[in-house]
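Residue indices begin at 1 and follow the sequence shown.
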Amino acid sequence: MPQHAPRSFTVQWGSESVLVSNVEPELPAGTGDADLAKVVAAGRANPVTLLPEAAWRAVARATTGPDGMAVQLRPTPEEPGGLLMVENVDGATLHSVVTRVHLSEVLPGIQPRTGMEVMEVPDPQVQGITDGDRPCAIVRYRYQDLAHLRSHVWQTIHGTLSLNSYASSILARKVTRNLIAHPVEIAFEDGTDSFHALIVRDGITRLASAWAVQAGPDADAAESAGLAVDSLFGKHPASAPGPGSAPLGRRLAQGRAKWRRALKEEFAQAMEAEEPGTRAAQIAQTSVLPAQIAVGAEGHPGHLLAAEDIFDDAIRSVLASVHVEFKQWDTAAQNVEVATRALKRVIQLGDSLVPKDDLQVVYGLAVGRIPVEELPTVFATDGGEAPPGTALWRSVYLVHALTRPELLDPLKDQAKAIKGGKRMGLKGFAELLGPLIDLPWRSYKKHVTTQARNAWNNGGVLTSDVIQEWEPRPTDDFTSLVKPALLGDRDARCTLAVAGGVALISDKLLTRNVGSALNAAKEKGGVPFRADVNQVIEDLSRQDNELGLWTLALAANRFRSDALPENAVTMRQLIHKQKTESETGTPYVHFKVDLGSPDQIERDANGVPVMLHQWDVVWASNPDRALKAHPPKPLFVPPQPGTVGTGPVAAGATPHSAGSGPVEADDSTTGESGETGAPGDGGSGRPPAPALGRPREAPRPASQRAAEHRYVLRQSVTGARDSLDQLLLLEPEVGNHTPIVPMTVLDELHKLLIGLQTDVENLRRKATQDDVVPEDEEAQEELGV
């Protein structure tokens, strides 16, 4: 076989053997200055591409085929736009080059599917770039500082690999489908030098999996992400440049080129072996990736999107078509994408009666750019009261803004256009709002997120009054709105409907009730009658329904965005474990309303507040209908209970239970404290024989050595318990974007723990047997005593 021909060989990848195919004998060389200049000149001469020179240099630096890229870009009389790939999307035309790129020259971009997730590290702010009135095929990512960039890239790769990985497939066949990429300007709020790079918008799982292959079969998601960050930005954050030093972008590029040179030398040495090993396969199959790089965008005539939004909207259209028709995002991710893009289009069309500046504020609130704490500043009115900076008030103002009559119809029209549907009813629009509303608390209430979003699909809080004209009534106490609501104040009623309705939906006290709920018990989510969610909230907020208005007000008052109430029975044990030290006060519970009580809370015969159930919420919405469905039953007077068996049986049972409990406790205590009695373990007193071929240990009694190992065992198990408790406490902060412990790690831990449990049980049984038949008693039996 000629030396230059690709090779195939088998390597060991973890526990499986992988046939690695089509391994090239050499890695591609780096792009020289002359090659960079060639690509930059061809790109700037092409009439359909528009990029800053620094962006062209980033594209040229990333490609492994600068000559081929220059040929694609070079215009000809027959093809004025060159040989670029052309895609027509809604409102724009994209022009792209198809090439291969270095793994170390592409960064993961923002993932649309994470728009419905709570992320530990926030996404950067995104801004389009224009040249005059023409859109550039580039966006600006604005990070807080370089540490924010490193953390965001680490989070993206780690979270992606925690959910899915194609590592073994890529090791066998390389990445075979093009990544969708485009240039980006990385800017920083702290004044750090900006630089240009190439980011991947589709194919992030393939990109992350390539880094997983580079990291090796034993590396977990965190180690793979760490390798990627260190290779892209250096092992240590770049310090501030000194006088006369190169800009940050050039220093980072030099660091990546140095990493590739070292990789090239390592690969050359590995390929000199008669049979290349796993490391050669790792490098060969991941160093170069196929990519489709967008370098030009043109807006269609008559499309009124602003120039700075044309390119990003076009890229998002491409991604949406891929992930709706080919590999779907889940419903919530699609809803976030549709809702935010529809709102952005309404802003840019400019035909809404709502001022554009106000719409920009609403957009920032919807996507999380405006934090909850800034609500009092953003929505303060002249002479009016500012809303409290809470997550629940964010939902009130967001629902109010997105359902104004002057904005609701344009939003629905744009959402229909994006989704490709012919009609969108009120429930369809409410479905889009669900994952926008629950942004601040979705990780803390993730155990009931499915039920809450189903309730939004069933109408949510969009009552016939909420979608009309009204204004939120800011207050620190929602019960203060009940009296004006009873007197006919529409603003107070709608504020209670939205705030209380969101609280009830988010805490699983109002769900999309189905037929089975009619037969379920009250304590298990049953309902007295069936009704759409928005209809229940509309009936609760009627002017003449005092019970319903108080139910809404108390639910809104008790709502917390950092926990689930005890009313939500799902995963209750786990919820209790997740309580932090600051939550040791009163529990988070919603109570049933009693209009005759001074504090409006119903109590049982012992004075204990009665817990609220979905049955009570639905009943309060329409008591007359509930009474018709469940008329009161005749009073049944039970016979007087006798005294037969009450005294003696109880007296006889108590000593038995009291006596059996301590015996079990004593056994466990004895077993635990019996560790100090280990010198008699086995009863023979003979020291263990040394293993063959090993020197005898220091002349210390075996019991002393055993005591040390028992101490280490106990401390290790206790440390594992502490680590597991910490993981459970951190789980709400991590959110849903990545599991707190990947499944592969859980499987490995489970196997280790099963083995440990088996060994401990064997030791326990042996100790029990030795306690039952001591050696001295056996000797007495032999003597006939």
Side-chain angles (χ1 to χ4, degrees), residues 427 448 451-452 454-455 457-466 479 482-483 485-486 488 493 496-497 500-501 503-505 507-556 558 565-570 589-641:
K427 290 182 180 179
V448 297
Q451 293 86 346
N454 285 340
N457 300 352
N458 195 228
V461 299
L462 303 191
T463 69
S464 59
D465 289 330
V466 166
T479 61
V482 174
K483 184 174 181 180
L486 291 171
R493 287 197 304 107
L496 287 176
L504 293 170
I505 289 173
D507 285 342
K508 200 191 167 188
L509 286 170
L510 187 54
T511 65
R512 181 186 62 184
N513 57 68
V514 293
S516 58
L518 294 174
N519 301 320
K522 175 179 179 179
E523 294 77 12
K524 295 184 178 180
V527 292
F529 55 83
R530 291 190 62 180
D532 290 338
V533 172
N534 59 338
Q535 185 61 52
V536 172
I537 295 177
E538 181 169 336
D539 290 341
L540 287 171
S541 60
R542 289 198 323 268
Q543 178 182 346
D544 60 345
N545 190 350
E546 184 178 4
L547 177 62
L549 291 170
W550 273 104
T551 300
L552 292 169
L554 291 180
R558 299 194 66 85
E566 295 187 3
N567 310 64
V569 297
T570 303
V589 187
H590 291 286
F591 298 122
K592 187 179 177 182
V593 175
D594 179 7
L595 297 178
S597 175
D599 59 0
Q600 313 299 325
I601 295 177
E602 182 174 328
R603 287 172 169 79
D604 60 17
N606 298 320
V608 179
V610 177
M611 187 178 292
L612 182 70
H613 296 284
Q614 182 173 210
W615 179 288
D616 306 314
V617 175
V618 177
W619 187 290
S621 69
N622 196 331
D624 294 337
R625 181 180 176 186
L627 282 172
K628 291 180 180 179
H630 299 272
K633 298 180 180 179
L635 182 63
F636 173 72
V637 180
Q640 292 296 325

Roughly how far, to the nearest 0.5 Å, is [atom2] of [Y] from [atom1] of [X]?
X	Y	atom1	atom2	result
Asn567	Lys592	CG	NZ	13.0 Å
Glu602	Leu612	CD	CG	10.0 Å
Arg530	Arg625	CZ	CZ	10.0 Å
Trp550	Ser597	CH2	OG	10.0 Å
Leu549	Gln543	CG	CD	9.0 Å
Asn622	Leu627	CG	CG	9.5 Å

So, [X] side chain and [Y] main chain: donor-acceptor pair closer than 3.5 Å or not?
X	Y	answer
Asp539	Val536	no
Asn458	Arg512	no
Asp532	Asn534	no
Arg542	Ser621	yes
Asn545	Ala620	yes
Glu538	Ser464	yes

Take Leu552 and Leu504, measure what side-chain contact (heavy atoms from CB on, under 4.5 Å) needs, and give me the verdict at the end.
CA-CA 8 Å; Leu552 292 169; Leu504 293 170; 4.0 Å; yes

Indicate yes or no: at least one non-hydrogen side-chain atom of [X] is less than 4.5 angstrom from one of [Y].
X	Y	result
Arg603	Asp594	no
Ile537	Ile505	yes
Trp615	His630	yes

Please find the pair of heavy atoms, one from [X] and one from [Y], that lie closest to each other, and give the distance.
X	Y	value
Ala455	Leu510	CB-O, 3.8 Å
Ala503	Ala555	CB-O, 3.6 Å
Val448	Lys508	CG1-CD, 3.7 Å
Ala629	Pro528	CB-O, 3.8 Å

Please enumerate all residues that pass salt bridge (Lys or Arg N to Asp or Glu O under 4.0 Å) together with Asp507, with sequence neighbours excluded.
Lys445

Taking it one step at a time, do Leu595 and Gln600 satisfy side-chain contact (heavy atoms from CB on, under 4.5 Å)?
CA-CA 5 Å; Leu595 297 178; Gln600 313 299 325; 3.7 Å; yes

Assess whether side-chain contact (heavy atoms from CB on, under 4.5 Å) is satisfied between Lys628 and Phe529, documenting all intermediate values.
CA-CA 10 Å; Lys628 291 180 180 179; Phe529 55 83; over 6 Å; no

Step-by-step side-chain contact (heavy atoms from CB on, under 4.5 Å) determination, Val533 to Thr511
CA-CA 7 Å; Val533 172; Thr511 65; over 6 Å; no

